[in-house]
Amino acid sequence: MTGPTAGFLPGADRARPPAAGDLALPVTGSKLLTSVDGRPLRVADLPADTDWVPLGTLDGVPAWATDLTTADAIPGRARGWASLAADVPEPHATLAGRALAVVTWRRTHRWCGACRAELADLPGETARRCPDCGLYVPMQLSAAILVAITRPGPGGRADELLLVRHATGPTGLWALVAGFVEAGETLEAAVHREVGEEVGLSVERLAYFGSQPWAISGPGVLLAGFTARAADPQAEPVVDGRELTQAQWFGVDALPAQLPPAYSISRWLVDATVTAARR
């Protein structure tokens, strides 16, 4: 399918009620429920009195989420986003991430933080407003950066790529320097700060690569990827000892096997760096 209805389009339209054949993304805790064989559920698969939240459309088909306290009565598989995203193609993974983000946000933003009244949904928006004091509560995104840093290889050999191991999460993976953007900070400034804080290096020739919603790091996280060159090709990384445990230069023709998963922007950056070095 091509045109304006192709792919995933986020939305919050409640004007049309859910139809039996619409896509259903039930969320239970921090997991999504699919059919036993991994296919997306449909609205007809859940009880008629289910409370649905609009997510948008996938290839023109409306998609809805619901927050389940338990999935015991519904046949299916409860799966984390990482497991699901590894199996399904884009834009299905993005839709699944939005379902987790929207449901989690609604679950944690039920009451007004100013006057404690119960918030009300705003038609056509992923947002809520307090009926008593008027506080506007939109769903907020958390921006984070990650950067593929390279330097020339010694003796004219292939470029080297800086990879790090984190103190938390999947500690066995060799990944890229990453971190959350602070309030009042540009994406580019965040790259320079995080690189300096985590590995003690300076970078130059910063270039934007692309972005990806990333539900593993929490609801509403948006990763912005960059490439950069080490300002001093002779400088060696010094890890901060808190967020990172290791940092090492690898030749792009001799990368370790323990790299980020293929569906992640981190891996896309690594693969793009290898491709660029071989041209």
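Worth knowing before you read on, the calculation uses all heavy atoms, side chains too, and leaves out hydrogens, waters and symmetry mates. We're numbering straight along the sequence, starting at 1.
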What are the two closest non-hydrogen atoms of [X] and [Y], and how far apart are they?
X	Y	result
Leu41	Thr34	CG-C, 3.9 Å
Pro256	Phe250	CD-CD2, 3.6 Å
Ala175	Pro260	CA-CG, 4.2 Å

Give a yes-or-no answer on whether the side chains of Arg77 and Ser83 include a donor-acceptor pair shorter than 3.5 Å.
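Note: Arg77 and Ser83 side chains miss the donor-acceptor criterion.
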For Trp268, give me all partners under ring pair (Phe, Tyr, Trp, His ring centres under 6.0 Å), at least two apart in sequence or on another chain.
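None.
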Just jot down the ring pair (Phe, Tyr, Trp, His ring centres under 6.0 Å) partners of Trp81, sequence neighbours excluded, or say none.
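Listed in chain order: Trp214.
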Considering only heavy atoms from C-beta outward, does the side chain of Val203 approach that of His192 to under 4.5 Å?
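Yes - at least one pair of side-chain heavy atoms lies under 4.5 Å apart.
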Who pairs with [X] by salt bridge (charged side-chain N to carboxylate O under 4.0 Å, His left out), at least two apart in sequence or on another chain?
X	value
Glu125	none
Arg128	Asp121
Arg79	Asp87

Given Arg193, which partner from the list Glu198, Glu188, Glu185 fulfils the salt bridge (charged side-chain N to carboxylate O under 4.0 Å, His left out) test?
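That would be Glu185; it is the only one of Glu198, Glu188, Glu185 passing the salt bridge (charged side-chain N to carboxylate O under 4.0 Å, His left out) with Arg193.
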Would you say the rings of Phe226 and Phe209 are close, in the sense that their centroids are separated by under 6.0 Å?
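No - the distance between ring centres of Phe209 and Phe226 does not fall below the 6.0 Å cut-off.
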Listed once per pair and sorted, the salt bridge (Lys or Arg N to Asp or Glu O under 4.0 Å) pairs that draw on residues 203-216, sequence neighbours left out
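Counting only pairs at least two positions apart or across chains, no salt bridge (Lys or Arg N to Asp or Glu O under 4.0 Å) contact touches residues 203-216.
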